[in-house]
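Heavy-atom basis, side chains included; hydrogens, waters and symmetry copies ignored. As the structure is a computational prediction, the values presented were derived from the model and not from experiment.
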Amino acid sequence: MRTPRGTTGVSASGGTVELVGRRGADWTRIASASRPIAEAIAELDTPDQAAAHADPAYERSIASSSPSAPRFAVGQQILWRYGRVIETARVVRDDDRGLVAWIPSGSARLDAVPSDGRHPREVPLEERFLVSWRAVESTWTGPGILRVAPTGKPWSVWFFRRADGTADGAYVNIELPHRRIAGQEASVFTRDLVLDLWIDAEHRGEEDVWLKDADELEAAVDQGRFSPEQAEAVRVLADHAGVDFIIDAAWPLDDGWDEWMPDEEADVPLVLPATAAMAAARARSGRRSSEG
């Protein structure tokens with residue numbers, strides 16, 4: 001017997017989850033009303049993005065959907081930047097459809113953690129966006145992951161694997177459409193929008209789809225990270241992801257990325273670049289974790 005829709009639980013990372021859909025079936029709307037995707041993005045892509053990234057390179061970045069946006073070379077190391085969180089990745093493919101990148105296990109990343117040393121998930125939900133924070137370098141643990149960022153879309157899709165290399169599921173991270181910069185600072189810039197979707201690997205063609213961290217999104221409103229209208233816009237984006245590609249298994253779910261594996265050279269862990277901008281990022285801290 002399949003798990004019924006509406007079932008709730010806790011994910012492996014500690015977030016709340018609810019079964020909201022199933023591949024091949026009708027999508028059950030998450031937001032209170034439908035809305036054009038461009039309107040929802042405009043509600044969230046506010047002028048404070050530059051302050052969140054705190055890097056002059058952001059001011060020179062170009063929307064990934066622009067004809068003048070730079071393309072990255074296969075094998076090139078880039079930075080995948082979520083404001084104060086910065087990750088390293090190696091380009092697998094980059095074309096008009098979108099960016100595909102691999103993060104090898106053990107690759108360096110810059111994270112933002114509570115100043116008192118707790119893990120972010122150890123901070124009670126009612127204060128999660130209020131505690132002071134500092135930047136800390138860490139590494140990507142567990143098997144490597146493949147990320148796909150469809151051009152101009154407000155999400156990226158992360159293909160997770162188990163230790164034996166088999167598919168574990170796909171994580172749809174709701175985030176702002178990417179901006180890019182080339183050269184020594186080659187990066188994509190985005191902002192995480194808290195809400196996520198998880199597509200199980202089991203029941204091929206009828207995989208369960210789970211909504212993740214809906215309670216954290218509500219806490220983000222209570223603690224000033226988002227306005228109520230912005231939180232509703234995030235839910236609208238999740239609905240678009242469900243309708244636009246999850247239910248019908250459209251790109252990138254139909255391109256075999258869940259089975260793709262890197263060769264030995266591509267799987268070498270990556271390090272953060274030794275640049276002045278990275279040194280400044282390492283020194284960042286703040287009074288509220290809603291910043292950046």
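- Between Phe245 and Asp254 there is no side-chain heavy-atom pair separated by less than 4.5 Å.
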Inset, instruction - Let me see the working for Arg60 and Glu185 under salt bridge (charged side-chain N to carboxylate O under 4.0 Å, His left out), right down to the final yes or no. - result: CA-CA 11 Å; Arg60 303 192 300 274; Glu185 304 165 301; 2.6 Å; yes

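- For the residue pair Arg109 and Thr88, no side-chain donor N or O sits within less than 3.5 Å of a side-chain acceptor on the partner.
- Across all non-hydrogen atoms, the minimal contact from Ala40 to Leu237 is CB-CD2, 3.7 Å.
- Annotation for Val92 and Val74: closest pair O-CG2, 3.6 Å, computed over non-hydrogen atoms.
- A salt bridge is absent between Asp55 and Arg284; no separation between the charged side-chain nitrogens and carboxylate oxygens falls under 4.0 Å.
- Counting only N and O atoms by type, the side chains of Asp258 and Trp260 include no donor and acceptor under 3.5 Å apart.
- The main-chain N or O of Ser289 is found under 3.5 Å from a side-chain atom of Arg84 such that the two form a donor-acceptor pair.
- For the pair Asp48 (side chain) and Ala51 (backbone), a donor-acceptor distance under 3.5 Å is absent.
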Donor-acceptor contacts, no H, no angles, side chain residues 142-156, under 3.5 Å, sequence neighbours left out:
residue: Arg147; atom: NH1; partner: Glu87; partner atom: OE1; Å: 2.8
residue: Arg147; atom: NH2; partner: Glu87; partner atom: OE1; Å: 2.9
residue: Arg147; atom: NH2; partner: Glu87; partner atom: OE2; Å: 3.1
residue: Thr151; atom: OG1; partner: Asp96; partner atom: O; Å: 3.0
residue: Thr151; atom: OG1; partner: Arg97; partner atom: O; Å: 3.3
residue: Thr151; atom: OG1; partner: Gly98; partner atom: N; Å: 3.4
residue: Ser156; atom: OG; partner: Trp158; partner atom: NE1; Å: 2.8
residue: Ser156; atom: OG; partner: Glu175; partner atom: OE1; Å: 2.9
residue: Ser156; atom: OG; partner: Glu175; partner atom: OE2; Å: 3.4

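- At a threshold of 4.5 Å between side-chain heavy atoms, the hydrophobic network of Ile, Leu, Val, Met, Phe, Trp and Tyr places Trp27 and Leu195 in one connected group.
- In this structure, Arg288 does not pair ionically with Glu127, as no charged nitrogen and carboxylate oxygen lie closer than 4.0 Å.
- Clustering of Ile, Leu, Val, Met, Phe, Trp and Tyr by side-chain heavy atoms under 4.5 Å joins Val123 with Val131.
- No more than 12 heavy atoms of other residues, nucleotides or ligands shown are found within 6.0 angstrom of CD on Glu265.
- Here the CZ-CG distance, from Arg90 to Asp267, works out to 8.0 Å after rounding to the nearest 0.5 Å.
- Cluster annotation: Leu217 is connected to Val209 through the hydrophobic network of ILVMFWY side chains, with a link wherever side-chain heavy atoms come within less than 4.5 Å.
- Apart from Leu110 itself, the hydrophobic cluster it occupies contains Leu79, Ile86, Leu272, Met278, where clustering links Ile, Leu, Val, Met, Phe, Trp and Tyr at side-chain heavy-atom distances under 4.5 Å.
- Thr275 and Gln184 make their closest contact through CG2-NE2, 4.0 Å (heavy atoms, listed as atom of the first residue, atom of the second, distance).
- Scanning both residues, Asp196 and Ile174, for their nearest heavy atoms gives OD1-N, 3.8 Å.
- Within 6.0 Å of CZ on Arg121 lie more than 12 heavy atoms contributed by other residues, nucleotides or ligands.
- Side-chain N or O atoms of Gln77 include one that pairs as donor or acceptor with a backbone N or O of Val271 at under 3.5 Å.
- Asp208 pairs in a salt bridge (charged side-chain N to carboxylate O under 4.0 Å, His left out) with only one of the listed residues (Arg23, Arg2, Arg5), which is Arg2.
- Around CZ of Arg204, the count of heavy atoms belonging to other residues, nucleotides or ligands within 6.0 Å does not exceed 12.
- Residues Val188 and Trp257 fall into different hydrophobic clusters, defined by Ile, Leu, Val, Met, Phe, Trp and Tyr side chains chained together at heavy-atom separations under 4.5 Å.
- In this structure, Arg128 does not pair ionically with Asp222, as no charged nitrogen and carboxylate oxygen lie closer than 4.0 Å.
- Residues Asp192 and Arg225 come closest through the heavy atom pair O-NH2, 3.4 Å.
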Inset, instruction - Would you check, one step at a time, whether the test side-chain hydrogen bond (donor to acceptor under 3.5 Å, both in side chains) holds for Thr16 with Asp215? - result: CA-CA 7 Å; Thr16 60; Asp215 58 341; 2.6 Å; yes

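- Put simply, Trp102 and Val172 are part of the same group of oily side chains (I, L, V, M, F, W, Y) that touch within less than 4.5 Å, one to the next.
- With a 6.0 Å cutoff to the six-membered ring centre and a 45° limit on the axis angle, Arg179 counts as a cation-pi contact of Tyr58.
- For the residue pair Gln223/Ser290, the side-chain donor-acceptor check at 3.5 Å is not satisfied.
- Ion pair Glu43/Arg35 flagged as a salt bridge, since at least one NZ, NE, NH1 or NH2 atom sits closer than 4.0 Å to an Asp/Glu carboxylate oxygen.
- With hydrogens and angles ignored, the 3.5 Å screen pairs no side-chain donor or acceptor of Thr139 with any backbone N or O of Thr141.
- Closest approach of Leu197 to Ile30, counting heavy atoms only: CD2-CD1, 4.3 Å.
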Inset, instruction - Carefully, step by step, assess Arg22 and Asp200 under the rule salt bridge (charged side-chain N to carboxylate O under 4.0 Å, His left out). - result: CA-CA 9 Å; Arg22 192 160 282 144; Asp200 279 344; over 6 Å; no

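- For the pair Phe159/Glu259, no side-chain contact is recorded, criterion being any heavy-atom separation below 4.5 Å from C-beta on.
- With a 4.5 Å cut-off on side-chain heavy atoms, Leu125 and Glu216 count as touching.
- Look at Asp168 and Arg161 and you find no salt bridge, because none of the NZ, NE, NH1 or NH2 atoms lies under 4.0 Å from a carboxylate O.
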